[in-house]
Amino acid sequence: MSLSDHPKAYGTAAVAVAFAAGVLMTLGAKDLYPDLERRFQERKTRRPRRGTDARRSSLFWGPVELEDHETGGSGVPGPTQIPRDAGISDGIEGCIGRTPLIKIRSLSEATGRTILAKAEFLNGAGNSPKDRVALNMIKAAEKDGFLKPGRGDTIYEGTVGSTGISIAALARARGYKAHICMPNDQALEKSDLLHHLGATVERVPVQPITSPEHFVNLARRRAKEHTESKADSSVGFFADQFESPANWAAHFQTTGPEIFAQTSGRIDAFVAGAGTGGTISGTAKYLKEEAKLTSLKVILADPQGSGLYNKIRHGVMYSSTEKEGTRRRQQVDTIVEGVGINRITENFEVGRDLIDTAVRVTDEQACKMARWLAEHDGIFCGSSTAVNCVAAVVAALSLPEGSQVVTVLCDSGTRHLSKFWKKIAEMGLEDEPKPDDLFTLLDIKRPR
């Protein structure tokens with residue numbers, strides 16, 4: 001039977017031929033122009049959805065293109081966007097940022113408000129929000145000419161652990177050495193990990209910041225001694241996380257935009273602790289000033305012994321540990337590591353006026369929250385995360401039902417086994433029976 005016997009078959013055949021030709025042309029075009037698909041995706045993700053800000057992407061992993069800022073030295077904000085790769089990342093740096101924002105079900109159900117947490121422990125280099133900071137500080141130093149890969153340069157930093165771990169991992173990846181100074185009262189897991197990452201570690205006695213032997217001052221001096229020794233062409237670079245603008249800028253450029261995109265801008269409160277102050281300042285600065293969330297409440301989560309709570313609430317840097325006759329060798333008298341301080345850093349100062357209020361969290365509350373999260377949500381966290389979550393619950397209860405609160409999951413409890421989680425075990429919190437009422441457990445007034 002020929003086609004001439006069935007005239008309608010001509011049309012069918014023509015459609016089939018045209019379809020096949022179209023497929024071949026499309027495939028050929030992609031081969032001829034390998035960036036065609038990339039350009040299409042970029043145009044698609046830049047197209048605003050109806051009723052939304054034209055700057056915000058509708059894709060979770062897509063770029064958020066925002067207005068550019070003049071880039072200053074030392075990592076001050078440049079182009080603000082969510083970083084994006086094309087499927088394959090070039091090195092460990094590609095595992096930093098774009099962390100999930102997860103709903104903590106047990107806390108949300110207990111409070112009647114949605115409590116979300118940025119899973120910063122999933123950053124791939126040092127497994128904490130400090131990955132963002134360390135990478136930005138190193139890139140800024142390279143841009144400013146202080147660091148040069150392959151020259152033998154060493155990055156020096158004074159840290160209680162997390163920033164040092166991030167620096168140690170990224171230093172190796174980018175062709176540097178790392179020298180970390182830290183207090184000797186921090187969990188041993190941190191210094192052990194630093195050693196395994198190839199860093200030189202100095203655990204030093206706890207000293208006030210006014211002492212030249214304070215771990216931060218010691219790191220600064222070690223960097224200076226390295227550079228002045230002129231043993232070779234290498235230099236020592238002091239990262240200076242407490243004062244470097246590359247710290248808060250990292251969160252302004254990435255953490256804030258990510259949270260904004262992931263929530264579609266619907267955030268009633270942002271809750272975070274402060275050690276250097278970079279996370280809360282940079283994120284608050286983006287959300288309030290750049291994204292224009294003027295009704296957003298920014299709330300500081302502060303552990304016992306820290307003076308920041310009183311600075312925010314009463315305008316005076318003061319802690320009960322400074323009372324006459326009770327002043328201790330370590331003023332921030334808490335088991336919590338990573339947050340809490342008794343001085344104002346440059347990074348904290350940048351965002352201080354954007355912080356609306358503060359919540360003080362006791363060691364006991366932090367320990368109980370950590371155990372609660374492990375038991376009810378499978379979240380095994382460190383001490384600073386526990387402080388954030390207690391404060392997030394308190395903040396949520398001050399807001400109308402249905403409100404949405406965002407906080408930060410900083411690092412895993414595996415980094416706190418010998419100190420924080422040992423204390424939890426000593427308190428009997430891992431024994432049966434376990435309390436099933438959050439407010440009774442934390443001694444927080446139940447909402448009406």
Tell me if a side-chain donor or acceptor on [X] pairs with a main-chain N or O of [Y] at a distance below 3.5 Å.
X: T227; Y: A223; value: yes
X: T385; Y: C410; value: yes
X: N247; Y: G277; value: no
X: R220; Y: L218; value: no
X: D302; Y: V361; value: no
X: N136; Y: A246; value: yes
X: S108; Y: I104; value: yes
X: W421; Y: R371; value: no
X: H314; Y: V316; value: no
X: E375; Y: W372; value: no

Sequence neighbours excluded and cut-off under 3.5 Å, please list the side-chain donor-acceptor pairs for residues 386-397, or say none.
from, atom 1, to, atom 2, distance (Å)
N388, OD1, G273, N, 2.9
N388, ND2, V408, O, 3.1

[X] side chain near [Y] side chain, heavy-atom distance below 4.5 Å:
X: S281; Y: L354; result: no
X: T159; Y: K190; result: no
X: I96; Y: L170; result: yes
X: N217; Y: I209; result: yes
X: I335; Y: S383; result: no
X: E364; Y: K368; result: yes
X: L101; Y: V406; result: yes
X: V339; Y: P303; result: yes

Does any donor atom in the side chain of [X] or [Y] lie under 3.5 Å from an acceptor atom in the other side chain?
X: T99; Y: K118; value: yes
X: Q241; Y: T163; value: yes
X: H376; Y: D436; value: no
X: R113; Y: S403; value: no
X: D232; Y: S234; value: yes
X: R313; Y: N310; value: no

If I compare all heavy atoms of [X] with all of [Y], which pair ends up nearest, and what's the gap?
X: K285; Y: W248; result: CD-CZ3, 3.6 Å
X: I280; Y: V298; result: CG1-CG1, 3.9 Å
X: D411; Y: S384; result: OD1-OG, 4.4 Å
X: A168; Y: L194; result: CB-CD2, 3.9 Å
X: R415; Y: S128; result: NH1-CB, 4.2 Å
X: I424; Y: A370; result: CD1-CB, 3.8 Å

Return the set of residues passing side-chain contact (heavy atoms from CB on, under 4.5 Å) with [X] (not counting sequence neighbours), or none when no residue passes.
X: D90; result: none
X: T283; result: H251, T255, I259, F270, T279, L287
X: E228; result: K224

Determine, for [X] against [Y], whether the closest basic-nitrogen to carboxylate-oxygen distance falls under 4.0 angstrom.
X: E93; Y: R174; answer: yes
X: E243; Y: R343; answer: yes
X: E109; Y: R105; answer: no

Got a sec, which pairs hit ring pair (Phe, Tyr, Trp, His ring centres under 6.0 Å) with one end in residues 337-367, sequence neighbours left out? none
Can you pull the ring pair (Phe, Tyr, Trp, His ring centres under 6.0 Å) pairs that have at least one residue in residues 218-244, sequence neighbours excluded?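 Listed by first then second residue: Y156-H226.
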Contact list for [range], test salt bridge (charged side-chain N to carboxylate O under 4.0 Å, His left out), sequence neighbours left out:
range: residues 205-219; answer: E213-R221
range: residues 377-400; answer: none
range: residues 122-133; answer: E120-R132, R132-E258

Determine, stepwise, if the pair S418 / E189 fulfils side-chain hydrogen bond (donor to acceptor under 3.5 Å, both in side chains). CA-CA 7 Å; S418 65; E189 292 90 338; 2.8 Å; yes
Name all residues meeting the side chain to side chain donor-acceptor pair (under 3.5 Å) criterion together with D356; count only those two or more places apart in sequence or in a different chain, and write none if there are none. K288
With sequence neighbours excluded, tell me which residues meet side chain to side chain donor-acceptor pair (under 3.5 Å) with K139. none
Name every donor-acceptor pair, under 3.5 Å, that has one atom in a side chain of residues 175-183 and the other anywhere in the protein, sequence neighbours excluded.
from, atom 1, to, atom 2, distance (Å)
Y176, OH, E142, OE2, 2.7
H179, NE2, E202, OE2, 2.7

Test K103 against I115 for side-chain contact (heavy atoms from CB on, under 4.5 Å), laying out the working first. CA-CA 6 Å; K103 178 181 178 180; I115 296 182; over 6 Å; no
What's the spacing between E346 CD and S244 OG if we round to 0.5 Å? 10.5 Å
Hey, what do you get for NZ (K297) to CD1 (I267), rounding to the nearest 0.5 Å?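 So the gap between those two atoms works out to 14.5 Å.
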When you look at CG of D443, are more than 12 heavy atoms from neighbouring residues, nucleotides or ligands closer to it than 6.0 Å? no
